[in-house]
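Heavy-atom basis, side chains included; hydrogens, waters and symmetry copies ignored.
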Amino acid sequence: AGRHDEAVASLRRLLFEDPKNTTAYKTLARIYFAMGNFKMSQMASGNALALDDQDADIHNNIGLAFLKQGKEAEAIVAFKKAVELDEKNIEANMNLGLIAVRSADYALAGSSFQTVLEQQPGNAEARVGLAVAYRGALETEAAMAEYEKVLANDKCNEAALINKAL
């Protein structure tokens with residue numbers, strides 16, 4: 001915690017001198033998040049957002065803070081805004097896909113994971129997510145094909161093995 005506290009103090013000094021430093025607010029939000037202080041993370045992200053509401057990463061960070069506080073509906077809105085601003089944002093698409101699966105929105109999950117896979121075809125987590133979305137949409141053959149792709153690269157991929165067996 002000592003290093004986190006030092007970093008927070010350093011960033012606060014920087015923000016006192018340069019209160020329009022979006023990068024400092026974004027960094028502060030990530031540090032608070034790492035410390036488990038999700039409300040302060042959200043607050044720092046809100047300050048960054050006030051300076052630049054077109055930054056997809058800020059919206060993604062806000063979504064993560066909402067998610068950690070159990071506010072799924074607000075998290076989905078934030079992740080959707082991040083993807084709206086940057087449709088290729090891998091982290092925002094992964095987060096949106098994962099929460100969409102939990103919410104049984106398989107179409108949204110599938111499109112989010114497909115966007116990730118267009119950029120990172122070897123992303124096993126996104127491929128398993130896509131398979132889960134297919135299975136949820138009752139597209140069993142497509143789901144099995146995705147699990148096989150994962151297992152072709154990693155025969156012991158636990159998520160693919162377990163989900164394929166279900």
Full working for ring pair (Phe, Tyr, Trp, His ring centres under 6.0 Å) between Phe38 and Phe33: CA-CA 5 Å; Phe38 307 121; Phe33 190 89; 5.1 Å; yes
Worked verdict on Gln69 versus Glu74 for side-chain hydrogen bond (donor to acceptor under 3.5 Å, both in side chains): CA-CA 10 Å; Gln69 295 173 74; Glu74 293 93 334; over 6 Å; no
Residues Val132, Tyr147; criterion side chain to side chain contact (heavy atoms under 4.5 Å, CB included); working and verdict: CA-CA 9 Å; Val132 170; Tyr147 292 132; 3.6 Å; yes
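Side-chain contact between Val83 and His59: absent, with no pair of heavy atoms (C-beta onward) separated by less than 4.5 Å. Side-chain contact between Val8 and Met35 is present, with at least one heavy-atom pair separated by less than 4.5 Å. Considering only heavy atoms from C-beta on, Val150 stays 4.5 Å or farther from Lys164 through its side chain. Contact check for Phe79 versus Leu64: side-chain heavy atoms found under the 4.5 Å cut-off. At a threshold of 4.5 Å between non-hydrogen side-chain atoms, the residues Thr27 and Arg30 count as touching.
Taking CD of Gln120 as the reference point, atom CG of Asn93 lies at 10.5 Å (rounded to 0.5 Å). Taken from CG in Asp154 to CZ in Arg127, the straight-line distance is 13.0 Å, to the nearest 0.5 Å. Taking CD from Glu87 and CD from Glu118, the interatomic distance works out to 9.0 Å, rounded to the nearest 0.5 Å. Atom CD of Glu72 is separated from atom CG of Leu67 by 6.0 Å, given to the nearest 0.5 angstrom. Note: Asn21 CG to Leu14 CG = 5.0 Å, rounded to the nearest 0.5 Å. Distance CG/Leu28 to CE/Met43: 10.5 Å, rounded to 0.5 Å.
Each of Phe66 and Ile76 belongs to its own hydrophobic cluster when Ile, Leu, Val, Met, Phe, Trp and Tyr are linked at side-chain heavy-atom distances under 4.5 angstrom. A continuous path of hydrophobic side-chain contacts links Leu117 to Val128 [ILVMFWY only; heavy atoms under 4.5 Å]. Tracing side-chain contacts under 4.5 Å through hydrophobic residues (I, L, V, M, F, W, Y), one never reaches Leu130 starting from Leu108; they form parts of separate clusters. Cluster membership for Met144 and Val101, using ILVMFWY side-chain heavy atoms within less than 4.5 angstrom, is shared. Note on Ile62 and Met40: separate hydrophobic clusters, where clusters join Ile, Leu, Val, Met, Phe, Trp and Tyr whose side-chain heavy atoms are under 4.5 Å apart, directly or indirectly.
A donor-acceptor distance shorter than 3.5 angstrom exists from the side chain of Asn163 to the backbone of Ala159, with no hydrogens or angles considered.
Summarising the geometry of Leu166 relative to Arg135, their closest heavy-atom pair is O-NH1, 3.1 Å, with the distance given to 0.1 Å. Closest approach of Lys88 to Thr115, counting heavy atoms only: CA-CG2, 4.2 Å. The shortest non-hydrogen separation linking Ala65 to Ser41 is CB-OG, 4.4 Å. Contact record, Ile31 with Ala7: CD1-CB, 3.5 Å, taken as the closest heavy-atom pair. Residues Ala143 and Ala131 come closest through the heavy atom pair CB-O, 3.3 Å. Between Pro19 and Leu51 the shortest heavy-atom distance is O-CD1, 3.9 Å.
For the residue pair Asn60 / Asn95, a side-chain donor-acceptor distance below 3.5 Å is found, with atom types taken as modelled.
With sequence neighbours excluded, the residues forming a side-chain contact (heavy atoms from CB on, under 4.5 Å) with Asp55 are Lys26, Asp52, Asp57, Ile58, listed by chain and number.
Applying the ring pair (Phe, Tyr, Trp, His ring centres under 6.0 Å) test to residues at least two apart or on different chains, none of the pairs has a partner in residues 104-140.
Classification of Arg3 and Glu6 as a salt-bridged pair fails, no side-chain N sitting under 4.0 Å from a carboxylate O.
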